[in-house]
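Structure first, then comments.
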Amino acid sequence: MDTYHDLISQTFDFPTDEFRVEQNELRFHDIDLMALVEKHGTPLRLAYLPKISSQIQRAKEWFRTGIEQTGYQGKYSYAYCTKASHFSFVVEEALKNGVHIETSSWFDTNIIRAMHAKGKVTKDTFIICNGFKTEEYKYEITRLINDGFVNCMPILDSPNEVDYYHDNVREKCNIGMRLASDEEPRFQFYTSRLGIRYTDALPLYQQKIKDDPRFELTMLHYFINTGIKDTSYYWSELSRFVHKYCELRKVCPTLTTIDIGGGLPIQTSIQKEYDYPYMIAEVLRTIKRICEEEGVPEPDIFTEFGIFTVGESGATIYSILDEKLQNDKELWYMIDGSFITNLPDTWALNQRFIMLALNGWNKQYKKIQLGGLTCDSQDYYNAEKHIYQVFLPERKPADAKPLYVGFFHTGAYQESLSGYGGVKHCLIPAPKMVILDRAEDGTLTDRVFAEEQSGESMMRILGYQS
Ligand SMILES: Cc1ncc(COP(=O)(O)O)c(C=O)c1O
């Protein structure tokens, strides 16, 4: 009989640094998951904090060795992009590693204030303010700058944004500019809506930044939606970006830094997928080569890794409630949760995570489909990264314990997309809701059901306030 354990060991290099099996039960970072499940029940979302710190340290080390090997002249700094997970315990863990912060909306500035009040963010921490700036966001950025957060830096997302800072900033202010990258060829749009057109960057600097003694353009930023991948698209966008940096650097001596965004990928299969040190060294080599060709100093580099920082720290565990054979071949294992509501990327983006049984490793394996509890026919998971199938141990009604299945590396974005407790992507609030009705005489009435979600309510959900 081929057991589930045989299947996994023959398919992958198993055990791994992260996963092993003891008495037919799975250990994740040596943690007895079955004991946790028995203590807390399922569905269960786990956040393993040491992984956040170790990921930050790994990336810093890859940059350190890459800089050493390539003789790169600039410095490297790590920023955490809060949108990947805004929870207080995540941000606090990341900050233990001396990271800077990237923000995406004005609600994020509440997090900066809360962390500053606790002494975890200082006025020297870089606050890289990305995203489209609403009036509230510009107001909060300006307030931080005027309050002495000397490295709070608006990253201009559109040409008019700087007008607000002209009118309201009192202190010296470093400014960044995000360049709008071209999307991957198969995307529906040619150029990203986020950032400033390449052709507008130089005029914007010359017309609105250069002559104001309060402002210094210090950072050029870009973000590639597909992430840092060894594809011709990635390398050509990086090269185009570095050439633009060189062009601007020649007329703007204060421009010392580039921010190459997020997008360092995580493992979504047990099989090792990425050669991170190679990718990072290659990024450094590319920047260095272009700067040498153009006779421009190599810039300091910032990254703002979100998924890489927090993704691998998360796990989501379900019980298998029952099985249903819906025709001769299709066997469904029903979980006590939902893919759409707990792991929305699996449904919306066809994202795969590492999926493993927690128990029953000595049992025969079966090809199954996993079904969620919602009524939506799309609420299923039936393919892994390496094959278009899913296998789990067989189960019997007489089994002493239910079968449990774990999804690993689920720590980024899933809560904000699924609206955990009421938070949303980039902390964009739930809108004010108004109910419209008609009186008997046909007159329209409007009644406020709920005001727009407040920053305080988000801060409570995220654990910053009790
Ligand atoms: C501007 C910017 N920086 C960083 C990130 C983080 O990307 P990732 O989580 O892939 O590292 C994003 C994600 O959307 C982004 O838009």
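In this text the structure is predicted, and so the values were computed from the model without any measurement. Residue numbers run from 1 in the order of the sequence given. Just so you know, ligand 1 is whichever comes first in the structure, and atom 1 is the first atom listed for that ligand.
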Using a cut-off of 6.0 Å, state whether more than 12 heavy atoms not belonging to Tyr76 lie near its atom OH.
yes

What class does the angle between the rings of Tyr276 and Trp62 fall in, given that below 30° is parallel, 30 to 60° is tilted and above 60° is perpendicular?
parallel

Where is the nearest protein heavy atom to atom 10 (O) of ligand 1: which residue, which atom, and how far?
Gly263 N, 3.2 Å

Ligand 1 and Gly306, any nitrogen or oxygen pair closer than 3.5 angstrom?
yes

Nearest heavy atom to atom 16 (O) of ligand 1, choosing from Arg178, His221, Glu304, Lys83, belongs to Lys83

May I ask you to identify the nearest protein heavy atom to atom 12 (C) of ligand 1, giving residue, atom name and distance to one decimal place in Å?
Phe223 CZ, 3.5 Å

Arg214 atom CZ, over 12 foreign heavy atoms within 6.0 Å
yes

Decide if atom OH of Tyr274 counts as having more than 12 heavy atoms of other residues, nucleotides or ligands within a radius under 6.0 Å.
yes

Check whether more than 12 heavy atoms from other residues, nucleotides or ligands sit under 6.0 Å from atom OH of Tyr139, and answer yes or no.
no

Which residue owns the protein heavy atom closest to atom 9 (O) of ligand 1, what's the atom, and how far is it?
Tyr413 OH, 2.5 Å

Please determine whether any non-hydrogen atom of Phe308 lies less than 4.0 Å from an atom of ligand 1.
no

Please determine, by modelled atom types, if Asp345 and Gln414 share a side-chain donor-acceptor pair under 3.5 angstrom.
yes

At under 4.0 Å between heavy atoms, what of Cys81 touches ligand 1? The answer is side chain

Using a 4.0 Å cutoff against the non-hydrogen atoms of Phe305, which atoms of ligand 1 qualify?
11 (O)

For ligand 1, which is the ligand I care about here, please tell me if Ile307 has any N or O atom under 3.5 Å from one of the ligand's N or O atoms.
yes

Just one of Asp200, Ile196, Leu179 clears the side-chain contact (heavy atoms from CB on, under 4.5 Å) bar with Leu156, so which one?
Ile196

